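Just so you know, these numbers come straight off a predicted model, no measurement behind them. Counting starts at 1 for both ligands and their atoms, following the listed order.
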Amino acid sequence: MAAQQRTEGSALILPTEFPQLKNDTFLRAAQGKETEYTPVWCMRQAGRYLPEFRETRATQDFFATCRSPEKCCELTLQPLRRFPFDAAIIFSDILVVPQALGMEVVMIPGKGPSFPEPLKEVEDLLKLRQKVDVATELGYVFQAITLTRHKLEGKVPLIGFSGAPWTLMSYMIEGGGSKTMAKAKAWLYRHPEASHRLLTLLTNVIVDYLVGQVAAGAQALQLFESHAGHLGPEQFAEFCLPFIRSIAKQVKNKLREESLPVVPMIVFAKDAHYALEDLAESGYEVVGLDWTIRPQDARRRMGKGITLQGNLDPCALYASKEKIEELVKKMLEGFGSQHYIANLGHGLYPDMSPEHVGAFVDAVHKHSRHFNKSC
Ligand code: CP3
């Protein structure tokens, strides 16, 4: 799939002969193996809280940046130059998948993503591409991943990602962010069969997209079901869980069939506290948690076989560095330092202080080493 790739003005970049990985702590934790300390990364670690990010992004449209492998690579590497994160996540966006299905999406500065022509009627589904050649439509993401794997020089593993079907469906119907998701939820109640068709179409594209990311060099995958919290347990069971499960199963089968590495997969279903038990058994090695869940409760409800990721309230980074350290220590005591990947419970905000992000990372490393010694 990821054949020879030529990036702007640079040498041929191939998804082969990647530099050897020097820090596998994140991958070990994701695979449920013992680690010397707790690995840490942050959702939205490549983001506007970094002045160098704002500088690189300043002159260009958001999705034009997403389509430039060199820019994506640079933005992915920026946080790694400042902080000893244990993983990198490729700079891109979940909304490149609706674009691949033929929808227009623009990013309006200060407002967020916007679809000029969202899905309104069931008949609008026919306007979507029914089969997507991901190498053609999303090859630029694969190129960004391959380039970044080379430029990372094996420092840490690279995470690829996709939005999950319900979250993408909700954007495609709402046309942007929404407080209630009323339009998208109306589809679930009025047009359950068409909703299933749309979710299945998205699932098929997401599977190929994630497999393509591994072929390009991604060493782990995260699925973002960011809008799970708008659904209750029953709708989650019908419109999220089967598709989340199917994605893990199909991706792993295809990776095996294509003799690609069967990389660890993370599912992050924000605010799906009612579904923790189901998520623990949905075929993912790691479950990401938002901050509304107590670490001890998550461990009790999800058993020992699963690696947990999260879940400090991002707003805790507005506290003093001393307070951040105290909160991290408490979080580590709650999760335990093994089978655990430290992260925030959602992404970093643009007005957060890089210094406080550094304090968070340092506190995880310091206290998990202490914790390991005292056990
Ligand atoms: O985490 C990372 O550092 C990797 C890059 C990444 C971005 N978006 C870059 C981005 C990832 C993993 C995403 C995922 C994403 N995108 C999600 C799922 C995670 C979540 O936050 O729940 C969602 C819902 C989106 C859709 C999206 N993209 C929104 C709602 C916005 C606007 C919000 C805002 O902060 O303005 C974006 C834009 C976006 N995606 C930015 C970044 C760094 C900020 C805009 C910019 O750089 O100009």
Side-chain angles (χ1 to χ4, degrees), residues 40-68 71-83 85 87-99 103 105-115 141 144-145 148 156 158-172 174-179 181 184 206 209-210 213 218 220-230 266-272 288-291 309-311 314 341 343-352 354 357:
V40 54
W41 67 283
C42 288
M43 290 188 272
R44 285 283 164 92
Q45 64 191 31
R48 284 170 295 179
Y49 73 103
L50 291 177
E52 58 271 33
F53 177 98
R54 296 197 295 269
E55 202 172 300
T56 309
R57 281 274 304 106
T59 53
Q60 212 177 20
D61 163 69
F62 179 78
F63 287 110
T65 304
C66 290
R67 280 190 282 273
S68 160
K71 287 267 167 70
C72 291
C73 174
E74 167 59 20
L75 292 171
T76 304
L77 296 179
Q78 281 176 351
L80 276 296
R81 293 189 192 115
R82 275 191 190 244
F83 313 111
F85 282 128
I89 179 161
I90 191 67
F91 175 83
S92 187
D93 199 82
I94 60 166
L95 299 176
V96 299
V97 167
Q99 288 177 335
M103 294 187 83
V105 191
V106 290
M107 193 62 72
I108 302 174
K111 183 168 170 261
S114 172
F115 292 61
V141 180
I145 288 174
T148 307
V156 292
L158 179 61
I159 306 170
F161 69 88
S162 173
W166 156 246
T167 297
L168 294 180
M169 169 180 169
S170 66
Y171 271 113
M172 290 159 76
E174 294 291 339
S178 158
K179 279 212 171 85
M181 297 286 156
I206 292 165
Y209 181 42
L210 291 174
Q213 292 187 42
L221 296 168
Q222 176 155 322
L223 191 70
F224 285 95
E225 190 70 285
S226 303
H227 295 174
H230 290 276
I266 308 165
V267 60
F268 173 64
K270 188 170 177 292
D271 295 321
L289 302 171
D290 64 76
W291 66 92
Q309 174 177 282
N311 73 342
I341 297 163
N343 203 315
L344 302 173
H346 200 194
L348 285 158
Y349 302 148
D351 67 347
M352 284 175 168
V357 174

Report the part of H346 (side chain from C-beta onward, or backbone N, CA, C, O) that has a heavy atom under 4.0 Å from ligand 1; answer both or neither where that applies. side chain
Quick check: does A46 get an N/O under 3.5 Å from an N/O on ligand 1? yes
Looking at W166 and H227, would you say the former's side chain and the latter's main chain have a donor-acceptor pair under 3.5 Å? yes
Could I get the full list of ring-ring contact (aromatic ring centres under 6.0 Å, His included) partners for Y49, not counting sequence neighbours? none
Please determine whether a side-chain nitrogen of the Lys or Arg among R81 and E74 lies less than 4.0 Å from a carboxylate oxygen of the Asp or Glu. yes
Here the atoms of ligand 1 under 4.0 Å from any heavy atom belonging to I90 are 4 (C), 5 (C)
Plane angle bin for Y171 and F115 - parallel if under 30°, tilted between 30 and 60°, otherwise perpendicular: parallel
Identify the closest protein heavy atom to atom 41 (C) of ligand 1: which residue and atom is it, and at what distance? F62 CE1, 3.7 Å
Which option out of D93, L348, I89 puts a heavy atom nearest to atom 8 (N) of ligand 1? D93
Measure the distance from atom 35 (O) of ligand 1 to every protein heavy atom, then report the residue, atom name and distance (to 0.1 Å) of the closest one. R48 NH2, 2.3 Å
Numbered in order shown, the ligand 1 atoms found under 4.0 Å of a heavy atom of F91 are 9 (C), 43 (C)
Are the side chain of R54 and the backbone of R48 linked by a donor-acceptor contact shorter than 3.5 Å? yes
Donor-acceptor pair, T56 side chain versus E52 backbone, under 3.5 Å? yes
Closest non-hydrogen protein atom to atom 1 (O) of ligand 1, residue and atom name please, with distance? R44 N, 2.7 Å
Taking only heavy atoms of S226, which atoms of ligand 1 are found under 4.0 Å from at least one of them? 18 (C), 19 (C), 20 (C), 22 (O)
Has the side chain of T167 got a donor or acceptor atom that lies under 3.5 Å from a matching backbone atom of S226? yes
Sidechain-backbone polar pair: Q213 side chain, A218 backbone, donor-acceptor under 3.5 Å: no
Protein contact to atom 7 (C) of ligand 1 [nearest heavy atom, distance to 0.1 Å]: S92 O, 3.1 Å
Return the closest protein heavy atom for atom 38 (C) of ligand 1 as residue, atom name and distance. M107 CE, 3.3 Å
Heavy atoms only: give me the nearest F161-L210 pair and the separation to one decimal. C-CD2, 3.9 Å
Using a strict 4.0 Å cut-off to heavy atoms of P113, name the atoms of ligand 1 that fall inside it. 29 (C), 30 (C), 31 (C), 32 (C)
Is it the case that ligand 1 has an N or O less than 3.5 angstrom from some N or O of T167? no
Donor-acceptor contact present, side-chain E225 to main-chain V267, <3.5 Å: no
Nearest-contact summary for atom 48 (O) of ligand 1 - protein heavy atom, Å: R57 NH2, 2.7 Å
Please list, in number order, the atoms of ligand 1 under 4.0 Å from a heavy atom of F53. 43 (C), 47 (O)
Which residues satisfy the side chain to side chain donor-acceptor pair (under 3.5 Å) test with D271, sequence neighbours excluded? none
Quick one: nearest non-hydrogen protein atom to atom 11 (C) of ligand 1, plus distance? F161 CZ, 3.6 Å
Give me the nearest non-hydrogen protein atom to atom 23 (C) of ligand 1 as residue plus atom name, then the distance to 0.1 Å. I94 CD1, 3.4 Å
Number the atoms of ligand 1 from 1 as they appear, then name those within less than 4.0 Å of a heavy atom of Y171, with their elements. 24 (C), 26 (C), 30 (C)
